[in-house]
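Quick note on labels: first sequence line is chain A, next is B, and so on, each numbered from 1. For the numbers below, each heavy atom of this structure counts, side chains included, while hydrogens, waters and symmetry mates do not.
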Amino acid sequence: MGSIDYDTLAELYRGKPPEVRKAFDFQRRLKGCIIGERSFGELKKVAGADISILKSEKKLICGIIVFSYPDMTEIERVYSEVDENFPYIPGLLAFREGPAIIETYGKLSVKPDVLILDGQGTAHPRGVGIACHVGVLLDVPAMGIGKSRLYGSFEEPGTEKGAWTPLTSREGERIGAVLRTKDRTKPVFVSPGHRIDLESALEIALTCSRGLRIPEPTRLADTYVAELKKGRK
DNA sequence: GCGACAG
DNA sequence: ATCTTGTCGC
């Protein structure tokens, strides 16, 4: 693993007014730890994570569900409630949701081969979206599937399921892809997080999309945390 | 200075 | 993320 230490992270999260400059420094260091190649064998388990917010309690509810791949049969689901101590700032989403996801991941008795996160991986202004951030800190293969664009330019992909176009950074680098997961619906934004390449991420995203726009892992994790939230109200 | 801006 | 009614399509 790289040289990222939790003390720096914990210190950062404690900052009352968000210390954006320190977050940027952290992302710069984290970027050097990202492995952009596929480093896992046969894909047998995938997991999806999502967050919902308990505004009154100032807490985040995180849920993670592990599925067998490619049949998408649920294997395990866990959740946790964590204090909300960082605001939502575009480009710094991982500092808000990352701690909850990391804590919840630790509760899994079955670890997935790939973790799918709601949001971007390398398709980020500094190349370190939440999928990279969480993937590196947990040292687990991770990828991001976002419902909308954060960074990068692209051409609209074809309208048929499976069609995709590259997401390009300002410097001309291919940082992700815009993928049509369902015919004639808004495409999703796929990008590598850690220990995976774009081609593998695209294949996984498409295989997990069972006729719906949002791939099963994150889609079901979303309904899971929504139910947990409802039950707490 | 003026937009853009994951969840 | 969250708020929030009806409504269009399979």
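Among the protein residues, A:L117 comes within range of no part of the nucleic acid, since none of its heavy atoms lies under 4.0 Å from any strand. Across all strands shown, A:G146 has heavy atoms under 4.0 Å from sugar-phosphate atoms exclusively, and none from any base. Within 4.0 Å (heavy atoms only), A:E97 reaches sugar-phosphate atoms of the nucleic acid but no base atom. Using a 4.0 Å heavy-atom cutoff across all strands shown, A:D222 reaches sugar-phosphate atoms only and no base atom. If you check every strand for non-hydrogen atoms under 4.0 Å, A:L93 touches a base. Counting any heavy atom pair closer than 4.0 Å across all strands shown, A:G144 reaches no nucleic acid atom.
Side-chain N/O atoms of A:R149 include one lying less than 4.0 angstrom from OP1 or OP2 on B:dC5. Taking 4.0 angstrom as the limit, A:K147 places none of its side-chain polar atoms (N or O) nearer than this to OP1 or OP2 of B:dA6. Side-chain N/O atoms of A:S148 include none lying less than 4.0 angstrom from OP1 or OP2 on B:dC5. Taking 4.0 angstrom as the limit, A:K229 places none of its side-chain polar atoms (N or O) nearer than this to OP1 or OP2 of C:dA1.
With 3.5 Å as the limit, one finds no donor-acceptor pair spanning the side chains of A:T104 and A:Y79.
Note on ring orientation: taking the six-membered ring where Trp is involved, the planes of A:H133 and A:F95 are perpendicular (angle over 60°, cut-offs 30° and 60°).
Checked against A:K45 for a side chain to side chain contact (heavy atoms under 4.5 Å, CB included), the options A:V110, A:L115, A:V114 give a single hit: A:V110.
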Q) Are A:R180 and A:E156 close enough, and set up right, to give a salt bridge (charged side-chain N to carboxylate O under 4.0 Å, His left out), and what steps lead you there? A) CA-CA 10 Å; A:R180 194 81 65 183; A:E156 193 69 20; 3.3 Å; yes
Q | salt bridge (charged side-chain N to carboxylate O under 4.0 Å, His left out) assessment of A:E216 paired with A:R219 | A | CA-CA 5 Å; A:E216 294 293 277; A:R219 190 178 70 78; 2.8 Å; yes
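The distance between atom CG of A:L150 and atom P of B:dG7, rounded to the nearest whole Å, is 9 Å. Nucleotide B:dA6 holds its C1' atom 14 Å from the CZ atom of A:F95, rounded to whole Å. In this entry the distance linking CD1 of A:I51 with P of C:dT2 reads 10 Å, nearest Å. A:I101 has its CD1 atom 12 Å from the P atom of C:dA1, to the nearest Å. If you take CG of A:L60 and P of B:dA6, they are 17 Å apart, rounded to a whole angstrom. As a whole-Å value, the separation of A:R126 CZ from B:dA4 C1' is 13 Å.
The aromatic ring of A:Y88 sits over the base of B:dG7, with ring centres less than 5.5 Å apart and planes tilted by under 30°.
Listed nucleotides B:dA4, B:dA6, C:dA1 differ in distance to A:I130; the shortest reach to its side chain belongs to B:dA6.
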